[in-house]
Amino acid sequence: MAQPYRVLIATDSFKGSASSAHAGELIASGVRRACGDAQTRVVPIADGGEGTVDALVGGLGGTKRRVNVQGPLGKTVTATYGLLPGGAAVIETAAAAGITLSSCSEQDALRASTYGVGQLVSDALDQGVRRIYIGLGGSATSDGGAGLACALGARLLDATGDPVEPGLAGLRDAVRIDMAGFDRRAQMTEIILLTDVTNPLCGLDGAIRIYGEQKGVPTARLGELDTWMVCYAGVVDHATHTDVSRLPGAGAAGGLGFGLAAFCGARIERGIEAVLDAVRFDEMLRGVDLVITGEGRMDAQTAQGKAPVGVARRARSKGIPVVAVVGSRADDLGGVYGQGIGLVIPAVTAPCTLAEAFARTERSLPLAGETAMRAFLLGR
């Protein structure tokens, strides 16, 4: 008697409509509609952005902890992070300093601080963790990690010895950093930064010039504010005796990657690879006949290392076919196909607005899952 097909479903979240886990379950229902005896398994994944806490807590069996911290503009927000087995924690930058907590005006772009992220790190250290994963996606900030450093006890001072103001605006005046009160536990803890960004801190491809506008920095001021970041990098180098401003990923989360690497000795990893390693994804591939991955929008950026491509590379190495279910797609996906994805199926089945597409998620993702499975069966 033939064995039932085994289908592993590992999609990124569909932002605005479905979490990674929920999207996976919807797709799985469609797979079973096409093949009633198919064995489906859903693995929540993320690449350092939204859903990273859920992916690691769900995949490793951890718990969630809620903490009141300072949001990017100074108001108290309740942020959730994960505590994992084996003395680890996972934090999403967006939980404490997310772009949804900002109006993305010029004023907010200058004020937004990573102080709350530092508070989450401090709380995790109080729980006795020995390793911290930090997802760097979705931030409102461009402060180079200065706020985080202050939350951990550093003091950024101006020429008169007074603390500088929070956010990017304060970098203009910082001339010295007092590290005497810095929490040394942060330097003795393994900190792994999860991102799909490879930008350095400064320059034409740095944090300000590439990501500043989406956070509210006027185009006309990008060059000026980048010079503030350059000066800040020199001040940090003098205080920490480490120059990591050109490190790939230093520009992630408005330079938070730089700040964590410089102040805490954190290392930057490709987000999806670290997540897949943590949940032992390669072991899950054993005996699998089909992998279904996906994300909300698939385009050229996907091929640069986003979650679906990370999944596809690992499946391809084991000879397993991969289908991607997406909300929408670019016309040219040559780079994606070259990474191991064999078929891309848009979930939208009729002309509609974005709001209508979100509203149809509960119907469209099962239909796409069914199509993916029928395409697989056709090849058999």
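Residue numbers start at 1 and run along the sequence shown.
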Apply the test salt bridge (charged side-chain N to carboxylate O under 4.0 Å, His left out) to residues E370 and R32: give CA-CA distance (whole Å), side-chain angles for both, the deciding distance (0.1 Å), then the verdict. CA-CA 7 Å; E370 178 184 1; R32 294 190 294 269; over 6 Å; no

CA sep, side-chain torsions, deciding dist, call: D54, K64, salt bridge (charged side-chain N to carboxylate O under 4.0 Å, His left out): CA-CA 9 Å; D54 287 341; K64 293 182 180 179; 2.5 Å; yes

Could you walk me through whether R65 and D126 pass the salt bridge (charged side-chain N to carboxylate O under 4.0 Å, His left out) test, one step at a time? CA-CA 12 Å; R65 179 173 170 82; D126 289 344; over 6 Å; no

Would you sort out whether E295 and K15 count as a salt bridge (charged side-chain N to carboxylate O under 4.0 Å, His left out), showing the intermediate values? CA-CA 8 Å; E295 62 182 345; K15 292 181 180 178; over 6 Å; no

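The aromatic ring centres of Y5 and F376 sit less than 6.0 Å apart.
The line from CD1 of I345 to OG1 of T371 is 5.5 Å long, rounded to the nearest 0.5 Å. Between the CG atom in L365 and the CD1 atom in I27 there is a gap of 5.0 Å [rounded to 0.5 Å]. Distance check, rounded to the nearest 0.5 Å: OG1 of T195 to CD of E269 gives 11.5 Å.
Crowding of R280 atom CZ: a count of heavy atoms from other residues, nucleotides or ligands under 6.0 Å not exceeding 12.
Looking at K318 and D282, their side chains come closer than 4.5 Å, going by heavy atoms from C-beta outward. Side-chain contact between L110 and W228: present, with at least one pair of heavy atoms (C-beta onward) separated by less than 4.5 Å. Considering only heavy atoms from C-beta on, C352 comes within 4.5 Å of R360 through its side chain. Contact of the R270 side chain with the D196 side chain is registered, since non-hydrogen atoms from C-beta on lie closer than 4.5 Å.
Look at R172 and E165 and you find a salt bridge, because one of the NZ, NE, NH1 or NH2 atoms lies within 4.0 Å of a carboxylate O, short of that distance. With respect to the salt-bridge test (charged N to carboxylate O, under 4.0 angstrom), the residues E273 and R314 qualify.
Q339 pairs with exactly one of K306, R313, Q304 by the side-chain contact (heavy atoms from CB on, under 4.5 Å) rule, that one being R313.
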